[in-house]
Amino acid sequence: MTETIKPPAPQGKRAAYEAALRKRSMRIAALSTLAVVAAIVILVPLAPGWEAVKRSFFNGGVFAKTFPGLLNAFLLDIAIFAWSLPLIALLGLAVAICRDIQRPALYPLRLFATIYTDVFRGLPVILVIYLIGFGIPGLGLPRPWNSPYIWGSLALILVYAAYVAEVIRSGIESIHKSQRSAALSLGLTTSDTMRFVILPQALRNVVPANMNLVVALQKDVALLSFVGPVEIFRQAGVYKSLYANFTPYVGAALIFLAITIPATRYADYLMHKRRRLEQ
Amino acid sequence: MTPLLRMTNVQKAFGDNHVLKGIDLDVAKGEMVCLIGASGSGKSTLLRTINLLEPIDDGEILLDGVDISEPGLDPQPVRKRIGLVFQSYNLFPHMSATDNVMLAPRRLKGLSKAELEAPVTTLFERFGLADRMGHYPDQLSGGQQQRVAIIRALAMQPEVLLFDEITSALDPELVAEVLDVLRAVRAEGITMIFATHEMGFARELADKVCFLDRGRILEAGTPDQLFDAPKEERTRQFLSQVL
Ligand SMILES: Nc1ncnc2c1ncn2[C@@H]1O[C@H](COP(=O)(O)OP(=O)(O)OP(=O)(O)O)[C@@H](O)[C@H]1O
Ligand SMILES: [Mg+2]
């Protein structure tokens with residue numbers, strides 16, 4: 001049985017010194033944060049336009065009236081996010097695997113996958129959403145195939161799958177070629193080698209990078225508002241016109257942050273954990 | 001009797017680097033052949049061509065009289081019959097020792113985990129690793145990892161096993177435990193080709209020792225012939241450096 005030995009911790013005066021050091025830096029951090037916050041709280045209201053800004057951006061009454069509606073509209077963002085995500089994962093994985101194909105007979109697939117990732121990573125997301133979100137319904141398709149939900153989502157899926165494919169491909173390339181040799185030397189097929197040996201390791205390595213894409217996707221769902229769906233950003237715009245007040249945008253921002261900040265923290269945590277494991 | 005494995009005039013180049021310059025080698029069934037030679041002489045490349053991890057440029061490799069170096073031939077059935085153990089173990093880090101061993105038999109022989117349980121456990125017990133079956137590679141010492149790698153190759157019940165300097169990445173005190181395993185494998189009469197720097201081990205177990213020099217088998221013979229009475233000047237030089 002392995003006996004766990006406790007790593008030595010600083011003792012006596014060393015421990016006291018380190019504690020004092022820690023306390024001191026904590027005090028400095030607290031003081032400087034307080035100073036900055038105080039400056040903002042005191043100085044910003046002194047600005048000549050503050051009263052007007054406060055009325056149009058931080059209006060409690062408008063906030064209370066519009067917040068439930070915003071939350072409701074945010075459900076649509078979540079729905080779009082939820083159905084896009086698995087499709088992005090599948091398409092991204094498929095494209096990444098196509099880009100790794102070695103067999104000459106399947107070269108066209110590889111070429112297509114390469115062009116696909118280059119094109120969709122090379123375009124601004126909003127442009128793709130416009131082109132597909134307006135372009136395809138413009139073909140005069142019958143209901144429900146003329147829905148901007150479908151084509152807007154497709155645009156997001158196509159763009160994000162290209163990024164995910166690139167991330168996964170970098171993960172595949174990061175696996176040392178000796179792993180492939182070892183699997184092949186046992187007689188495994190190339191597809192079994194990919195499925196059981198390369199991909200599981202590659203995907204694990206790129207979890208943090210993909211988490212960052214997930215966070216970005218959560219925000220980019222709002223871009224669909226430009227082609228129709230009344231999701232939170234568009235709903236905020238409607239309220240803005242209705243109340244002639246910008247507070248609904250602040251409400252929408254808060255709702256986004258409530259989701260994206262924890263997700264970002266989690267991605268950072270995963271990244272950190274990976275790095276520690278690799279040492 | 002035809003040899004189990006016969007290489008004739010095997011040539012291999014990486015770009016301008018002519019690594020194998022006409023290898024002729026016969027390995028009889030049950031024989032153990034040791035490859036010795038300086039770093040860069042082509043030992044690893046030679047083994048990789050037999051396992052079809054490297055295509056050759058010219059010559060023939062016959063297994064049971066069938067040319068396995070035929071271009072376009074499916075390498076898989078051949079690899080099932082010829083195992084390879086690497087210097088750097090190359091265990092799959094995301095799988096437990098047991099799963100490393102079971103992967104190939106499950107996929108290629110269609111055996112279930114339950115069916116493999118008993119024979120695989122026997123292998124681990126034989127090599128003193130019964131209490132390590134559920135461990136992941138990073139929880140094992142180098143010597144233990146290399147023994148798992150040997151078990152993984154053995155589990156496919158290959159006819160020929162190739163070993164590429166499997167002890168040279170190990171600390172000296174771990175070399176012995178891996179060599180012990182090889183003695184046991186040797187006792188079963190599996191055909192083996194063994195690239196090594198362990199001259200004492202080659203002398204003890206090999207039927208034939210081949211000295212590889214700049215892409216050629218310069219001299220081959222029984223261990224006694226090669227170690228005690230080398231004919232070639234370069235063999236003598238090499239041996240004086242390593243012995
Ligand atoms: N995949 C490869 N691509 C290019 N050159 C290679 C490749 N593999 C091996 N070589 C070259 O072939 C030559 C022989 O290498 P090889 O690994 O077979 O030697 P070795 O006898 O096994 O040496 P060592 O004792 O260091 O393992 C070297 O010059 C090496 O650089
Ligand atoms: Mg080598």
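Reminder, nothing fancy here: chain letters follow the sequence lines and each chain counts from 1.
Neither the backbone nor the side chain of B:Arg81 comes within less than 4.5 Å of any heavy atom in chain A. Of the atoms belonging to B:Ile82, it is backbone heavy atoms, and not side-chain ones, that fall under 4.5 Å from chain A. Both the backbone and the side chain of B:Phe92 come within contact range of chain A, each with at least one heavy atom under 4.5 Å from a heavy atom of that chain.
Of the charged side-chain nitrogens involved, none lies within less than 4.0 Å of a carboxylate oxygen, so that B:Glu60 and B:Arg6 do not count as a salt-bridged pair. Between B:Lys208 and B:Asp26 there is no salt bridge, since no side-chain N of the basic residue sits under 4.0 Å from a carboxylate O of the acidic one.
Taking 4.5 Å as the limit, some side-chain heavy atom of A:Leu85 sits within range of a side-chain heavy atom of A:Phe81. Considering only heavy atoms from C-beta on, A:Phe120 stays 4.5 Å or farther from A:Ile115 through its side chain. Between B:Ile50 and B:Ile193, some side-chain heavy-atom pair lies under the 4.5 Å cut-off. Between B:Thr167 and B:Leu179, the closest side-chain pair of non-hydrogen atoms falls below 4.5 Å. Within the 4.5 Å cutoff, the side chain of A:Leu123 has no heavy atoms near those of the A:Val159 side chain. B:Leu20 has its side chain out of reach of B:Ile56: every pair of non-hydrogen atoms, C-beta onward, lies at least 4.5 Å apart. In this structure, the side chains of B:Asp180 and B:Phe127 stay at 4.5 Å or more apart for every pair of heavy atoms.
Taking all atoms of both residues into account, the shortest heavy-atom contact from B:Met192 to B:Leu182 is CE-O, 4.1 Å.
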Would you tabulate the side-chain donor-acceptor contacts of residues 129-142 of chain B under 3.5 Å, counting partners in other chains and residues two or more places apart, or write 'none'?
from, atom 1, to, atom 2, distance (Å)
B:Gln139, OE1, B:Tyr136, N, 2.7
B:Ser141, OG, B:Gln144, N, 3.2

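Judged by a 6.0 Å distance limit and a 45° cone about the ring axis, B:Lys12 is positioned over the six-membered ring of B:Phe14.
Counting heavy-atom pairs closer than 4.5 Å to chain A, the top residue among B:Val85, B:Asn51, B:Leu84 is B:Asn51. Ranked by heavy-atom pairs under 4.5 Å with chain A, the list B:Arg152, B:Met95, B:His94 is led by B:His94.
For residues 156-166 of chain B, a heavy-atom distance under 4.5 Å to chain A picks out B:Met156, given by residue number. Contact residues of residues 97-121 of chain B toward chain A are B:Leu103, B:Ala104, B:Arg107, B:Leu108 (heavy-atom distance under 4.5 Å). Using non-hydrogen atoms only and a strict 4.5 Å limit, the part of residues 167-191 of chain A facing chain B consists of A:Ser178, A:Gln179, A:Ser181, A:Ala182, A:Ala183, A:Leu184, A:Ser185, A:Leu186, A:Gly187, A:Leu188, A:Thr189.
Side-chain contact check for A:Asp220 and A:Tyr160: at least one donor-acceptor pair (N or O, by modelled atom type) lies under 3.5 Å. Of the N and O atoms on the side chains of B:Gln87 and B:Ser168, at least one donor lies less than 3.5 Å from an acceptor on the other residue.
Checked against a 6.0 Å centroid threshold, the rings of A:Phe256 and A:Phe74 count as neighbours.
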